[in-house]
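Treat the numbers as computed from the prediction; the structure is a model and nothing was measured. A note on names: the letters A, B, ... follow the listed sequences, proteins ahead of strands, and every chain is numbered from 1.
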Amino acid sequence: MVTLNSKIPQGPLSEKWTKYKADQKLVNPANKRKLDVIVVGTGLAGASAAASLGALGFNVKIFCISDSPRRAHSIAAQGGVNAAKNYPNDGDSIGRLFYDTIKGGDYRAREANVYRLAEVSNNIIDQCVAQGVPFARDYAGMLDNRSFGGAQVSRTFYAKGQTGQQLLLGAYSALSKEIKAGTVKMYERKEMMDVVLVDGKARGIITRDLQTGKLERWFGHAVVVATGGYGNVYFLSTNAMNSNGSAAWQCYKKGACFANPCYVQIHPTCIPVHGDYQSKLTLMSESLRNDGRIWVPKNIEDSVAIREGRLKPTDIAEENRDYYLERRYPAFGNLVPRDIASRAAKERCDAGYGVGTGQAVYLDFSSAIKRLGKDKVEARYGNLFQMYEKITAQNPYETPMMIYPAVHYTMGGLWVDYELQTTVEGLFAAGEANFSDHGANRLGASALMQGLADGYFVLPYTIQNYLSSEIYSQPIPTTVPEFDAAEKAVAEKIEKLMSIKGTKSVDTFQKELGHIMWNKVGMGRTAQGLQEAIPMLKALKEDFWANVRITGDTNSMNPELEKALRLSDHIELAQLMAKDALHREESCGGHFREEHQTEEGEAKRNDEQFMYVAAWEYQGEGVEPQLHKEELNYEFIKVQQRNYK
Amino acid sequence: MNLTLKIWRQENARAKGRFETYKVENISPDCSFLEMLDILNEQLVDKLSHPVCFDNDCREGICGMCGLYINGRPHGPDDGVTTCQLHMRRFKDGDTIVIEPWRARPFPVIRDLVVDRTAFDKIIQEGGYVSVTTGGVPDGNAIPIPKKNADEAMDAAACIGCGACVAACKNASAMLFVSAKVSQLALLPQGRPEAARRVQAMVAKMDELGFGNCTNTYACEAECPKQIKRSNIARMNREFLCAKVCSEE
Amino acid sequence: MSLVKLASITKKMTIASVGAFLLVFLPMHMGLNLCILREDGGEWYRNVCHFMGTNWIVKIMEVVLMLSVLVHVVVAILLTIENKKARPVGYAVPSKSKTHAGSKWMIYTGVIVLVFLIIHFINFYFVKFGIVVADDSDTYTVEVEDIQKHLNDKVTELQEQMMNGTLSQEQAQEQMMALQLEYMPFLQIAQTGQPSDKISKDGEELINLSKEELKQFVGEDFTEYEPDFYTMCKKLFANPTYSIIYLFALVILGIHLFHAINSIFQTFGLNHRKYNKAIEYLAAGYALIIPLGFAIVPLFVMFCK
């Protein structure tokens with residue numbers, strides 16, 4: 001039985017982090033060399049954490065699921081990274097970034113964490129520039145900014161449409177430097193299968209070598225999990241094929257609480273689904289909403305005609321178009337936060353105004369092209385337009401793009417305290433894998449900020465507060481019974497999966513899981529749908545363990561087995577998501593319960609009853625997880641209904 | 001669409017590989033190339049055989065994980081795309097498609113179409129970075145960088161490390177990859193202090209790993225999904241010459 | 001798979017820099033060839049050939065040139081072997097990637113040029129050194145002084161024989177008369193001959209002799225003498241097989257040169273967005289003009305003379 005202690009430092013908001021750093025315990029250089037830290041995941045958070053810890057002098061082992069850290073899905077973030085630099089002199093400040101993030105998160109994030117995030121955001125930009133990240137610059141040679149959803153200032157730094165790539169490569173370069181220096185050891189194509197606890201503390205992990213199938217044991221005085229989110233539970237998402245929530249789920253099963261699993265961000269601007277063979281959805285950067293205008297036909301007959309191919313979007317006269325975001329949210333217009341834009345699109349499509357397959361709306365650049373000229377639009381969005389054309393074979397300069405929301409990011413994750421430590425001692429979670437900073441909804445360009453903040457500027461401090469008490473712990477040999485038991489359990493699970501020899505492929509189950517989740521635990525959730533989903537998921541789990549067919553062998557590269565192992569965890573994770581969604585009787589951010597909306601169809605929070613973080617504790621196979629509540633106390637911010645009108 | 005696929009199958013690095021022929025039917029032209037392989041793998045699982053292994057991850061052309069040599073061209077017949085961005089509408093009904101893994105001594109086959117590209121990481125580890133540690137850096141705007149340089153550095157930095165340049169080069173040379181990183185950092189003031197050491201160390205590592213020599217055929221440039229330009233190679237040559245002649249390092 | 005401990009770029013720069021040196025040599029050689037076109041009965045051409053055959057700076061440059069060719073060839077072979085080793089298992093489908101014109105075939109065009117160069121050496125260059133003996137009908141350029149010297153030597157020998165009594169006075173005088181008669185026509189030609197036979201340069205009196213005639217004076221040592229490149233050249237190019245081989249080699253050389261020049265700039269990093277086009281044109285121009293210039297001679301000989 002765990003108790004949640006968020007360990008938020010005392011004092012005024014703006015001094016908490018400074019005070020924490022002044023008071024925390026540190027590890028002296030001679031002792032750092034004696035301490036092993038395991039980092040799982042090589043995305044922004046993992047790579048930056050490993051690089052920073054390595055530079056400090058710790059012995060770091062970092063594990064990568066792919067062949068190189070540069071494959072991590074952080075690389076796909078297009079738009080940018082937020083920071084409160086206020087270079088454009090448009091009134092930005094740490095306080096405003098903090099406020100926007102809390103508000104964007106629909107008042108479900110921890111104040112102290114978010115303020116710290118806003119505080120270190122500026123350091124991130126400086127750090128990345130020093131690493132040689134080629135941010136966009138103006139003609140004076142100064143850093144350029146663009147605006148993003150949910151903010152009234154331009155605070156987003158960007159590197160063409162590949163900001164995530166450049167930041168990841170920056171972190172990767174820092175990591176490479178440490179690998180060369182020998183402080184970090186890199187293990188690629190190894191997937192974490194379990195975390196090993198010795199005397200209640202995280203002391204190592206079990207990995208599976210994806211080339212040889214070999215199970216291996218690794219010791220660490222502390223374990224950092226930076227394995228990203230679990231959006232692939234939905235099968236079709238903007239996540240990469242290998243992104244998965246398995247590592248986090250293993251941590252959960254070893255006692256780390258899982259917080260707010262139902263908070264899933266649906267990104268409004270993705271290329272719509274077009275066939276059941278489809279393996280993933282492609283995101284079109286949110287930055288497109290800066291100049292693109294979103295609309296559907298005003299008259300339902302026009303929508304029908306478009307769907308049937310009798311009309312083209314360019315045939316619809318200006319007065320017959322419904323720019324519904326501009327209509328409903330005049331203050332923010334097309335730049336409302338993601339959850340609102342997504343729901344508005346769903347609302348229109350559900351009402352029958354959708355275009356394409358009926359599950360799409362238009363994102364139109366014709367007025368931007370008229371206003372700025374084609375060249376300028378091309379300079380801003382050329383690569384995105386090109387990408388769109390490659391996928392859909394339609395030219396967005398001539399005909400509006402079609403977009404539809406898709407699962408993009410999971411705000412939920414492993415519960416962590418102010419030090420990013422989970423409820424398991426010595427087990428830390430960073431980046432998207434933890435739940436900490438985005439509340440119920442994440443603002444655009446904040447994921448990169450949080451991943452790097454955790455990795456560069458938070459974890460390297462806070463982990464020392466824990467490790468300082470570990471300087472007397474000798475490395476534990478990986479032959480102790482705890483490692484034996486953990487490896488045995490993994491081996492048995494694999495053997496069990498292989499021995500099913502059923503009739504249905506892993507993908508079949510994955511798609512089935514995705515359907516259930518998208519339809520019942522997706523954008524608009526109802527108590528009834530969720531209640532239906534829970535038994536469906538249970539049945540799916542049983543079906544999976546009875547009928548899955550995995551071909552090939554266990555001792556060589558076998559993608560089917562990899563997928564099956566992850567899927568087995570995803571089904572369980574889906575169950576927890578449904579449970580969490582059902583229990584949260586309110587609408588907030590990415591969690592929209594149709595029973596709880598205002599008359600205008602806006603999310604209606606229930607602050608009296610649900611202003612808390614729901615942290616679920618695993619109780620064993622077949623036993624209901626236990627809910628722990630971390631109350632959120634807003635001392636410095638006035639909680640109000642989000643209003644982007 | 002109905003297609004005939006000739007795919008390289010190889011159990012592991014030591015095994016002898018061979019081409020296997022498969023047929024896939026009713027493929028939608030809107031399907032991506034990798035989705036077509038997914039469909040093939042579903043068929044193979046149905047027949048209880050081992051699915052074809054191929055590296056893939058983001059499926060939106062940025063992670064650099066995918067990379068297949070399709071009908072004589074890395075990433076297939078389209079310019080400026082990765083394999084995952086290639087769509088089946090690019091092929092005709094009845095086509096035969098030959099799919100091979102990247103071929104280069106430093107990229108040994110792991111299984112089927114999966115090759116080991118960690119050689120690239122080893123090159124980066126030799127100096128593909130600015131040696132700053134976390135913290136203690138000046139303000140982001142402390143050093144102005146001419147827009148042109150920043151843009152050009154960005155164009156070089158767009159490299160996704162997929163290895164198509166090596167796969168395309170008749171010499172299996174990694175010059176485009178190495179030069180993209182050398183160029184990016186050479187163009188930025190932050191990268192200058194280490195420029196001489198970097199270029200020499202990275203080139204030495206590249207040679208040591210067994211990549212071929214550049215003979216300026218520019219197949220790399222033609223096949224790069226991110227359209228990294230050969231001018232980066234020229235810049236690296238210049239940097240290398242200056243480093244060898246002028247630098248004391 | 002480095003065969004020698006030099007960075008790949010260093011090797012590349014080596015081959016490029018010797019290549020660049022060879023590029024300087026080509027227009028010079030072409031200029032020399034074009035002298036043959038002058039309707040002066042080969043006076044300029046012979047003079048230039050004689051200068052090239054005797055000037056000591058040229059002789060030094062010849063050594064440098066030969067070494068350059070050697071280095072160029074050795075490094076090229078080295079790189080080719082290394083490059084083949086970098087891809088031990090090839091592709092089943094041949095590459096369809098776009099490449100710079102000629103770049104993929106550098107080693108092959110290079111080998112063809114080299115083979116041609118060897119033929120060329122056999123026909124011209126080695127003849128000069130007497131390593132290869134030109135066939136019977138060829139003429140040789142000999143200094144009149146040399147003939148005089150030979151005559152004098154023989155006369156001296158007869159005189160010595162007469163002095164030590166091996167020969168009687170009569171016998172010696174008889175033989176001397178015979179020698180005088182024998183040499184007279186050549187010495188006379190030298191003094192009064194036609195321009196086609198006589199060349200004079202810097203006070204030197206030169207004469208063309210057939211091989212048989214030359215043999216008569218100097219015996220088997222005749223290969224030390226400079227053959228008459230003018231007639232040799234014309235005779236060779238009059239042979240259509242030889243001319244076609246020559247022209248084919250020039251086309252190949254042009255392809256080799258086009259990529260080579262672009263490549264030199266790239267290898268030394270001498271590129272600039274503003275001048276890249278100019279470099280491309282320069283390469284194309286050079287690769288066109290040089291082979292054309294060389295081609296004029298056989299075409300001229302075949303079709304105009």
Side-chain angles (χ1 to χ4, degrees), chain A residues 51-52 55 66-68 70-71 73 75-76 85 87 125-127 129-132 134-143 159-160 162 165-166 169 173-174 176-177 179-180 188 211 240-242 274-275 277-280 282 387 390-391 393 456-457 460 505 507 549 551-552 556-557 559-560, chain B residues 11-12 28 30-31 34-35 38-39 42 44-45 48-51 53 55-65 81 85 87 89 110-111 114 116-118 120-121 124-126 128-134 137-141 144-147 150 153-154 157-158 161 184-185 188 190-191:
Chain A
S52 304
S66 309
D67 64 341
S68 164
R70 64 189 306 150
R71 315 290 182 212
H73 201 52
I75 205 156
K85 283 279 194 187
Y87 284 150
I125 302 303
D126 300 340
Q127 185 67 35
V129 167
Q131 284 169 349
F135 281 120
R137 300 217 167 224
D138 59 22
Y139 283 101
M142 298 297 160
L143 291 161
K160 268 199 171 167
Q162 290 128 279
Q165 181 197 26
Q166 293 314 312
L169 293 182
S173 75
S176 297
K177 168 181 162 280
I179 293 171
K180 174 71 181 168
E188 66 278 331
Q211 295 180 63
M241 304 307 284
N242 291 334
H274 50 79
Y277 48 79
Q278 207 168 344
S279 57
K280 81 154 272 163
T282 304
M387 184 165 102
K390 271 175 208 159
I391 295 170
Y456 282 133
F457 299 109
S505 72
D507 274 0
R549 164 185 284 182
T551 55
S556 72
M557 183 172 271
E560 288 297 307
Chain B
E11 246 120 75
N12 53 55
S28 156
D30 288 331
C31 195
L34 296 184
E35 284 162 358
D38 287 343
I39 293 170
E42 281 283 284
L44 291 177
V45 170
L48 294 174
S49 24
H50 200 292
C53 290
D55 262 336
N56 71 100
D57 199 10
C58 78
R59 297 211 177 183
E60 51 184 277
I62 193 72
C63 74
M65 189 86 172
V81 296
Q85 292 172 301
H87 282 74
R89 61 179 85 94
I110 292 172
R111 178 161 199 158
V114 178
D116 181 359
R117 283 169 292 193
T118 46
F120 272 4
D121 298 287
I124 295 291
Q125 282 156 23
E126 287 303 304
Y129 42 76
V130 176
S131 297
V132 286
T133 48
T134 309
V137 296
D139 185 86
N141 262 347
I145 301 174
K147 181 170 163 50
M154 177 60 227
Q184 177 206 343
L185 297 176
L188 299 172
Q190 288 81 6

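- Between the side chain of B/E35 and the backbone N or O of A/S279 there is at least one donor-acceptor pair closer than 3.5 Å.
- The contact between B/I110 and chain A is made entirely by side chain atoms (from C-beta outward), counting heavy-atom distances below 4.5 Å.
- Looking at residues two or more places apart in sequence or on another chain, you find no side-chain hydrogen bond (donor to acceptor under 3.5 Å, both in side chains) involving B/S49.
- Within the 4.5 angstrom heavy-atom criterion, atoms from both the backbone and the side chain of A/A393 approach chain B.
- For A/R71, the salt bridge (charged side-chain N to carboxylate O under 4.0 Å, His left out) partners are A/D67, not counting sequence neighbours.
- Using a 4.5 Å cut-off between heavy atoms, A/L169 contacts chain B through its side chain alone, with no backbone atom that close.
- With rounding to the nearest 0.5 angstrom, the CD atom of B/Q85 is 6.5 Å from the CD1 atom of A/I391.
- Most heavy-atom pairs under 4.5 Å with chain A: of the set B/P146, B/G191, B/P138, this distinction falls to B/P138.
- For the atom pair B/D121 CG and A/S176 OG, the distance stands at 6.5 Å (nearest 0.5 Å).
- If you measure heavy-atom distances from A/F135 to chain B, the contacts under 4.5 Å come from the backbone alone.
- In this structure, chain A has a heavy atom under 4.5 Å from the side chain of B/I39, while its backbone stays farther away.
- Contact count against chain A (heavy-atom pairs under 4.5 Å) is highest for B/G140 among B/P51, B/G140, B/A158.
- Contact annotation for A/Q127: both backbone and side-chain heavy atoms come within less than 4.5 Å of a heavy atom of chain B.
- Put simply, the side chain of A/K280 gets close to the backbone of B/C58: a donor and an acceptor are under 3.5 Å apart.
- The contact between A/Q131 and chain B is made by backbone and side chain atoms together, counting heavy-atom distances below 4.5 Å.
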